[in-house]
Amino acid sequence: MTLRRMSLVVLLFSLLLALPTEGARRVAILDLENQSEGRLKEEFSWIGLNVPETLAGKLSEIPGVEVIERIQWKKLVDELRLSLVYLYDHDGKAAELGKQLGAQVIGLGSFVVFAGSVNVNIRFVDVETATILGALNRVSPVDDRLFEDFGALALEAVEVLNRRVIGGEVASLPPGEALKIPERTRGKIERPETKTFDAYALYGKGRKAYDRNPLDEAIALHWQALALDPDYAEAWQDLGEVLRKRGRFNEAEEAVRRAFHIFFDRGDEKGEGGAHRDLGFVANDRGAHDEAERRFRRSLAMSRKLGNEQDVAAALNNLGEVARNRGRFDEAERLYQESLAIKRRLGNELNVAAVLHTLGEVAESRGRTDEAERLYQESLAISRGGRGFYSPGVANTLFNLAILERDRGSTDQAIDYALDSLEISRRTGGPLAVRAEKFLRQLGLRGSLEIVHPPSPAPQP
């Protein structure tokens, strides 16, 4: 079978993976568009990130709701080079993004700050039909009283999530099928995550700084937030992540441990599981594989207890990475396959493509080149079929295929793949461009590599 025919078959199969599945109500809430003006636009830009994240955190406490974390949808938006501003105005495109995430509902909207108040508008779109299920609107003071409205917003959001599109019309589910909020959960939803608005604002500014990548600024802002509220678990946890990215592992571990103890005292099992996961990341980065495995297994156990399939799949993937790093390839492949099965069921195309790519690397390292090629081609078809044509993930898979073909002695095919990878890496600003250029020189390609080489078109169904 030719590569093009193989890619076509794989693409047709991959389209079946994105069909919605029954089970938990999976929701993604995007950052809010900032419609403030003048100095208020910059001063309160953090609201667009913090408010939907706070709402998402409260919704994740409700049995039957799974929230797709910001890191997941943000990665997909970045991979596809989408404009959030464009999505805000096009519900159909937002619904397409939701399908690729495996979400059933996607929330998007805007906020505007004026005269000491913030007006938040969020609409929830049914991913399958691109129909608006309902909208939330609330004007809140920009001070400690804002926290009182978060719980009310979450409760209103549950009412919206209890709606479905039936026969082209939006209808509420009957009581027996609707999401229910246990009294204990209601208390969690109504409890503010921090004591003061000033700490909340500093935390939000720190997260915005982390998004822009000045890590030292993000660290300083998180510490300022924690000086105002030492019991702010979310700030401790995020501080640990920034410190880990900075390579300050001892401090990162201490920060996440502080978060863990606060989550434990709160009775927040999801928070505890996330802290175990983050401590696993720190241990893995330090090469402490026994500790990393122990933490990831604790995270897996808690995710299974809570019934959160996304977190289960992520924990399995993390354990696969540890097993792979330790040379336990049979175990790694089994864990990756378990993770892949869940991600296929959930329909998150980006995650499916990423795990297939990883399985291809494992197969290639074990000398199973035909299997590696099949897995790379399947990953590539899913990424391109999801319009991730110029994404770093596609560039990486193409480069791996180039190496595979070089090792097989197919120099011309290797050059084609490498040129495609180089062009995409340049367009996306990825670090792979230098390696791809060096690879092409080693294959004997002379002259300028500045000439644009349009990547081969994605296979069409």
Side-chain angles (χ1 to χ4, degrees), residues 25-36 40-41 44-62 64-74 76-77 82-99 101 103-114 117-142 145-165 170 172 178-179 181 189-190 192-193 197 200-201 204 207-208 211:
R25 194 73 160 148
R26 291 190 297 280
V27 185
I29 306 179
L30 306 187
D31 291 353
L32 302 180
E33 181 183 10
N34 185 358
Q35 296 183 342
S36 309
L40 298 177
K41 191 174 186 73
F44 291 99
S45 62
W46 56 269
I47 285 179
L49 188 158
N50 253 32
V51 169
E53 277 291 274
T54 299
L55 178 59
K58 291 182 180 297
L59 289 177
S60 71
E61 297 283 355
I62 297 167
V65 176
E66 276 191 29
V67 173
I68 294 172
E69 294 183 358
R70 184 175 187 270
I71 192 172
Q72 291 290 329
W73 67 253
K74 183 76 164 50
L76 182 57
V77 166
L82 293 173
S83 162
L84 283 178
V85 174
Y86 179 77
L87 291 174
Y88 295 143
D89 296 327
H90 296 82
D91 289 347
K93 293 297 181 184
E96 286 182 22
L97 175 71
K99 286 181 182 178
L101 286 165
Q104 281 124 4
V105 179
I106 192 161
L108 60 160
S110 63
F111 75 95
V112 58
V113 177
F114 59 93
S117 297
V118 56
N119 186 354
V120 173
N121 291 281
I122 304 175
R123 64 187 182 278
F124 289 90
V125 177
D126 176 72
V127 163
E128 190 62 28
T129 63
T131 302
I132 296 176
L133 295 172
L136 312 180
N137 174 259
R138 189 164 289 266
V139 178
S140 305
V142 188
R145 291 170 291 174
L146 177 68
F147 300 138
E148 298 173 12
D149 285 336
F150 285 149
L153 270 175
L155 296 176
E156 288 177 36
V158 174
E159 293 181 21
V160 175
L161 295 178
N162 276 328
R163 298 170 188 166
R164 299 289 188 277
V165 178
V170 176
S172 295
L179 297 166
I181 307 174
I189 290 172
E190 292 173 346
E193 62 188 46
F197 175 81
Y200 186 70
R207 297 187 71 210
K208 285 290 287 186
D211 252 15

Is the backbone of V113 close enough, under 3.5 Å, to the side chain of S36 for a donor and an acceptor to pair up by distance?
yes
Nearest heavy-atom neighbours spanning I106 and A94:
CD1-O, 3.5 Å
Minimum-distance pair of heavy atoms, taken over all atoms of I189 and K58:
O-NZ, 2.6 Å
Under the side-chain contact (heavy atoms from CB on, under 4.5 Å) rule, what do V120 and L32 come out as? Steps first, then yes or no, please.
CA-CA 8 Å; V120 173; L32 302 180; 3.9 Å; yes
Check: residues 149-161 side-chain donor-acceptor pairs under 3.5 Å, at least two apart:
unit_1, atom_1, unit_2, atom_2, d
D149, OD1, R138, NH1, 3.4
D149, OD2, S140, OG, 2.4
E156, OE2, R138, NH2, 2.3

Under 3.5 Å donor-acceptor, Q104 side chain and R26 backbone
yes
Test side-chain contact (heavy atoms from CB on, under 4.5 Å) applied to N50 - qualifying residues, sequence neighbours left out
W46, Y200, Y203, R207
With a 4.5 Å heavy-atom cut-off, do R123 and L133 have their side chains touching?
no
For S83, what residues pass the side-chain hydrogen bond (donor to acceptor under 3.5 Å, both in side chains) criterion, not counting sequence neighbours?
none
Please confirm whether the backbone N or O of L179 pairs with a side-chain atom of N162, one donor and one acceptor, at under 3.5 Å?
yes
For side-chain contact (heavy atoms from CB on, under 4.5 Å), just list the numbers for L146 and V118, CA-CA rounded to whole Å, side-chain angles, deciding distance to a tenth of an Å, and then say yes or no.
CA-CA 9 Å; L146 177 68; V118 56; 4.1 Å; yes
Taking K41 for its side chain and N34 for its backbone only, find out whether a donor-acceptor pair lies under 3.5 Å.
yes
Salt bridge or not between K208 and D31? Use side-chain N to carboxylate O under 4.0 Å.
no
Should K99 and E128 count as side-chain neighbours, where that means a heavy-atom distance under 4.5 Å?
yes
Let's go through I132 and V170 carefully: what are the C-alpha distance in whole Å and the side-chain angles of both, what is the deciding distance for side-chain contact (heavy atoms from CB on, under 4.5 Å) to 0.1 Å, and is it a yes or a no?
CA-CA 8 Å; I132 296 176; V170 176; over 6 Å; no
Could you walk me through whether L108 and I122 satisfy the side-chain contact (heavy atoms from CB on, under 4.5 Å) test, starting with their C-alpha distance in whole Å, then the side-chain angles of each, then the deciding distance to 0.1 Å, before giving a yes or no?
CA-CA 5 Å; L108 60 160; I122 304 175; over 6 Å; no
